[in-house]
Structure formats: C-alpha cells, structure tokens
Colleague: 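Below are the structure tokens for one structure; questions will follow.
Excluded from the calculations below are hydrogen atoms, water molecules and symmetry mates; all remaining heavy atoms, backbone and side chain alike, are included. Positions are given from 1 along the sequence.
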Amino acid sequence: MEVLIFKTNASKQSEVSSLQNLLSRFAHIIEVSVDLEDCDKVLRIVGNNPSPTQIQLLVSSLGLTCSEMKD
C-alpha cells in the first residue's frame, strides 16, 4: 500500500463527495479522504501503486486543483 498526499482547493463537502465518488471507482484506490479543516485541504489517497499524475488529472476533471505534497 502506498499513501499519496495532495494540497487541494476543495472547500465544500459537495466537492469532497465528488472526489470520493470519482476516485473510488478505481480498483487500485482503497481510501480517499479530504481534510477540509486543514489550511491545505489535504487529499489523502491510499492505494496499490496510485499514480500522482492520474490523480491530478482526475481531480482537474472536476474543476479542482491539487499538487502532491512530498515529505
């Protein structure tokens, strides 16, 4: 399992729901969560070899932005 962390511009629960619905369609993505309380609106993806580029493209298809946060 791998964990990817992204900074997003999601600000509403409806956007979080859309992200979760879209990303959970992919078998290699196990868990999707967004912390709207965090100043970076952190998107956390847990999965089997998820692609950061693919995640960014999918998020942008919803009209949102995200950038991967490195340790």
Side-chain angles (χ1 to χ4, degrees):
M1 295 272 196
E2 186 178 348
V3 178
L4 297 177
I5 305 291
F6 298 88
K7 177 180 178 175
T8 74
N9 68 338
S11 60
K12 298 181 261 184
Q13 186 56 47
S14 61
E15 293 170 332
V16 172
S17 295
S18 294
L19 277 171
Q20 290 172 325
N21 288 336
L22 176 63
L23 297 174
S24 65
R25 294 180 191 163
F26 297 89
H28 64 283
I29 295 177
I30 309 300
E31 183 182 325
V32 177
S33 63
V34 178
D35 183 355
L36 290 177
E37 299 297 318
D38 187 278
C39 66
D40 289 327
K41 311 300 185 207
V42 173
L43 166 64
R44 182 177 181 266
I45 307 285
V46 178
N48 296 314
N49 222 13
S51 164
T53 303
Q54 181 185 33
I55 301 297
Q56 290 171 323
L57 288 171
L58 290 168
V59 169
S60 70
S61 76
L62 295 174
L64 299 170
T65 62
C66 73
S67 58
E68 188 174 14
M69 299 173 74
K70 300 287 185 176
D71 289 340

Colleague: Hey, could you give me each pair passing salt bridge (Lys or Arg N to Asp or Glu O under 4.0 Å) that has a residue in residues 5-16? Not counting sequence neighbours.
Modeller: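 The answer is K7-D40.
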Colleague: Taking the side chain from T8 and the backbone from V42, do they hold a donor-acceptor pair closer than 3.5 Å?
Modeller: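 Answer holds: no.
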Colleague: Can L36 be reached from L64 by stepping across I, L, V, M, F, W or Y side chains whose heavy atoms are under 4.5 Å apart?
Modeller: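 Shared cluster, yes.
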Colleague: Report, one line per pair, each donor and acceptor closer than 3.5 Å where one atom sits in a side chain of residues 49-57; sequence neighbours left out.
Modeller:
from	atom 1	to	atom 2	distance (Å)
S51	OG	T53	N	3.4
S51	OG	Q54	N	3.1
Q54	OE1	H28	NE2	3.4

Colleague: Measure the shortest side-chain to side-chain distance between I5 and L43 over non-hydrogen atoms and say whether it is less than 4.5 angstrom.
Modeller: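 No. Closest side-chain heavy atoms not under 4.5 Å.
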Colleague: Are side-chain heavy atoms of V46 and E2 found at a separation under 4.5 Å?
Modeller: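 V46 vs E2: side chains apart.
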Colleague: Nearest 0.5 angstrom please: S24 OG to I29 CD1, how far?
Modeller: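 Answer rounded to 0.5 Å: 8.5 Å.
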Colleague: Report yes if some heavy atom in the side chain of F6 is under 4.5 Å from a heavy atom in the side chain of I45; otherwise report no.
Modeller: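 In short, these two side chains touch, coming nearer than 4.5 Å.
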Colleague: Going hydrophobic residue to hydrophobic residue with side-chain gaps under 4.5 angstrom, can you get from L23 over to I30?
Modeller: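 Shared cluster, no.
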Colleague: Inspect the surroundings of CD in E37 and state if more than 12 heavy atoms from other residues, nucleotides or ligands are less than 6.0 Å away.
Modeller: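 12 or below, so no.
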Colleague: Applying side-chain hydrogen bond (donor to acceptor under 3.5 Å, both in side chains), name anything that partners E31, two or more places apart in sequence or on another chain.
Modeller: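 Result, side-chain hydrogen bond (donor to acceptor under 3.5 Å, both in side chains) vs E31: R44.
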Colleague: Closer than 3.5 angstrom, by distance alone: can the side chain of N9 be matched with the main-chain N or O of T65 as a donor-acceptor pair?
Modeller: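 Yes; judged by distance alone, with no hydrogens or angles, the pair exists.
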Colleague: Please report the shortest heavy-atom distance between L22 and L58, naming the atom on each side.
Modeller: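 L22 and L58 have their closest heavy atoms at CD2-O, 3.4 Å.
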